[in-house]
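Comments concern the structure below.
We use all heavy atoms of the structure for the numbers below, so side chains are in, but hydrogens, waters and symmetry mates are not.
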Amino acid sequence: MIRILRILAQRPLTLIGVVFTLLFILMALFGPNVAPYPFDDFVRDAEGTVARRVPPSEAFLFGTDRLGRDIYSRVLWGARDIIGLAGIATALSVTLGTAIGLAI
């Protein structure tokens, strides 16, 4: 463990990559629990109308899309699917690559 920390301390770009990867994994694991809105919910602004194409603000961290859905909530919800898809793609490519490599 100490050896890994030394390597990361010597290579700051590697450390940045590890931090971003861990943040994305944490976002995938806990994102739906901390998302301010459901991913398919139309959010409303202070006047009570659907908030369409609102720029980023305190109320909507990443803004809203053209239908009035909170983009930040959708990113948090979608991270879980992306991590699962990446895992499936990696497992499939390792399996097929190994099979083809052994056959040749």
Separation of [Y] [atom2] from [X] [atom1] (nearest 0.5 Å):
X	Y	atom1	atom2	answer
R53	L67	CZ	CG	9.0 Å
I83	L26	CD1	CG	10.0 Å
R44	R52	CZ	CZ	9.0 Å
I2	I7	CD1	CD1	12.5 Å
T98	L102	OG1	CG	6.5 Å
F60	Y37	CZ	OH	4.5 Å

**OP:** With D70 as reference, evaluate D65, D41, V43 under the side-chain contact (heavy atoms from CB on, under 4.5 Å) test and give the passing residue.
**Re:** V43

Joint hydrophobic cluster, [X] plus [Y], side-chain heavy atoms closer than 4.5 Å:
X	Y	result
L23	V34	no
V19	I82	no
Y72	I25	yes
L61	F30	yes

Subject >> Close side-chain approach of V75 to M27, heavy-atom, < 4.5 Å >> reply: yes

**OP:** For F39, check ring pair (Phe, Tyr, Trp, His ring centres under 6.0 Å) against everything at least two apart and list the hits.
**Re:** W77

Original post:
Can you list the residues that meet the ring pair (Phe, Tyr, Trp, His ring centres under 6.0 Å) rule with F42, with sequence neighbours excluded?
Top reply: none

**OP:** May I have the step-by-step check of side-chain contact (heavy atoms from CB on, under 4.5 Å) for V54 and D45, ending in yes or no?
**Re:** CA-CA 9 Å; V54 175; D45 57 11; 5.7 Å; no

Subject >> R80 (side chain) donor-acceptor with A28 (main chain) under 3.5 angstrom >> reply: yes

Original post:
Between the main-chain N or O of R69 and the side-chain N or O of T64, is there a donor-acceptor pair closer than 3.5 Å?
Top reply: no

Original post:
When you look at CD1 of I4, are more than 12 heavy atoms from neighbouring residues, nucleotides or ligands closer to it than 6.0 Å?
Top reply: no

